Engineer: 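Okay, here's the structure, questions in a sec.
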Amino acid sequence: MNDCIFCKIVAGEIPSKKVYEDEKVLAFYDLNPQAPVHVLVIPKKHVTSALDVNEDNASDVAAVFSAVPKIAESLGVAADGFRLITNTGRHACQSVKHMHFHLIGGVQLSENIL
Ligand code: DGP
């Protein structure tokens with residue numbers, strides 16, 4: 001998508017600090033980290049949000065989940081655990097309209113999600 005920041009990161013038009021890449025998935029450090037480890041994991045294919053997952057892009061989304069164990073291991077958060085969150089829409093404060101999963105860890109997180 002032309003005006004999508006994360007599509008531009010995928011295309012290399014905007015720089016990012018990459019932590020993982022394969023044919024379908026990219027993971028890079030969040031610009032505004034909220035924890036010692038805060039990485040965004042995205043399908044390279046533009047999917048606007050969790051509401052736009054369908055049979056055409058399901059394999060791209062599944063590839064994200066296949067990559068997560070490798071990413072978590074490489075970041076050193078697999079043993080103690082982490083949180084994987086995708087904000088969807090206005091109430092969840094989704095600011096970038098390219099589906100992304102916040103992988104957050106490296107610290108004891110609150111029991112509260114809100
Ligand atoms: P969300 O609110 O769930 O849509 O989170 C979007 C996240 O994307 C937010 O934590 C900041 C991050 N972000 C926005 N623009 C950029 C960028 O250009 N580069 C990187 N690395 N992260 C970005």
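Small disclaimer: the values here were computed from a predicted structure and weren't measured. Whatever order the structure lists ligands and atoms in, that order sets their numbers, starting from 1. Side-chain atoms are counted along with the backbone in the values below, which use heavy atoms only and exclude waters and symmetry mates.
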Engineer: Please give me the minimum heavy-atom distance between Ser49 and Gln94, naming the atom from each residue.
Structural biologist: CB-OE1, 3.5 Å
Engineer: In the protein, which heavy atom is nearest to atom 14 (C) of ligand 1, and how far is it?
Structural biologist: Val96 CG2, 4.0 Å
Engineer: Tell me, which protein residue and heavy-atom name are nearest atom 21 (N) of ligand 1, and how many Å apart are they?
Structural biologist: Tyr29 O, 2.9 Å
Engineer: Considering only non-hydrogen protein atoms, determine which one is nearest to atom 4 (O) of ligand 1 and report residue, atom name and distance to 0.1 Å.
Structural biologist: Ser95 N, 2.7 Å
Engineer: Show me which atoms of ligand 1 lie under 4.0 Å from any heavy atom of Phe28.
Structural biologist: 20 (C), 21 (N)
Engineer: To check you understand the geometry: which heavy-atom pair defines the closest contact between Leu109 and Ile104, and what is its length?
Structural biologist: CD1-O, 3.7 Å
Engineer: With heavy atoms of Cys93 as the reference, note each atom of ligand 1 found under 4.0 Å away.
Structural biologist: 1 (P), 2 (O)
Engineer: I need the nearest protein heavy-atom contact for atom 1 (P) of ligand 1: residue, atom name and distance, please.
Structural biologist: His100 NE2, 3.1 Å
Engineer: How close do Leu103 and Ala72 get, counting heavy atoms only, and between which atoms?
Structural biologist: CD1-N, 4.5 Å
Engineer: Closer than 4.0 Å to some heavy atom of Ile5 - which atoms of ligand 1 meet that?
Structural biologist: 18 (O)
Engineer: From Thr86 OG1 over to His100 NE2, what is the distance, rounded to the nearest 0.5 angstrom?
Structural biologist: 6.0 Å
Engineer: Measuring from the heavy atoms of Ile9, does anything fall under 4.0 Å of ligand 1?
Structural biologist: yes
Engineer: Could you tell me how the ring of His102 sits relative to the ring of His38: parallel (under 30°), tilted (30 to 60°) or perpendicular (over 60°)?
Structural biologist: tilted
Engineer: Quick one: closest heavy-atom pair of Gly106 and Val77, and the distance?
Structural biologist: N-CG1, 3.7 Å
Engineer: Taking a cutoff of less than 4.0 Å between a non-hydrogen atom of the residue and any ligand atom, is Lys17 in contact with ligand 1?
Structural biologist: no
Engineer: Could you check atom 10 (O) of ligand 1 against the protein and tell me its nearest heavy-atom contact, residue, atom and distance included?
Structural biologist: Asp30 OD2, 2.6 Å
Engineer: Pick one of side chain, backbone, both or neither for how Phe101 approaches ligand 1, counting any non-hydrogen atom pair under 4.0 Å.
Structural biologist: neither
Engineer: Check whether the side chains of Lys24 and Ser59 place a donor and an acceptor atom closer than 3.5 Å, and report yes or no.
Structural biologist: yes
Engineer: Consider ligand 1: state whether an atom of it lies below 4.0 angstrom from any non-hydrogen atom of His102.
Structural biologist: yes
Engineer: What residue and atom, counting heavy atoms only, is the protein's closest point to atom 22 (N) of ligand 1, and at what distance?
Structural biologist: Leu31 N, 3.2 Å
Engineer: Would you compute the distance between atom CZ of Phe101 and atom CD1 of Ile71 and round it to the nearest 0.5 angstrom?
Structural biologist: 11.0 Å
Engineer: So that I can tick it off, tell me whether Glu21 and Lys44 are bridged by a salt bridge, with the cut-off set at under 4.0 angstrom between side-chain N and carboxylate O.
Structural biologist: yes
Engineer: With only distance considered, is Ser16 within less than 3.5 Å of ligand 1 through an N or O on each side?
Structural biologist: no
Engineer: Check ligand 1 against Asn87 and write out every atom of the ligand that is under 4.0 Å from a heavy-atom position of the residue.
Structural biologist: 1 (P), 2 (O), 3 (O)
Engineer: Can you tell me which portion of Thr86 lies within the under-4.0 Å heavy-atom range of ligand 1? Options are side chain, backbone, both, or neither.
Structural biologist: neither
Engineer: Would Tyr20 and Phe28 count as a close aromatic pair, with their ring centres under 6.0 Å?
Structural biologist: no
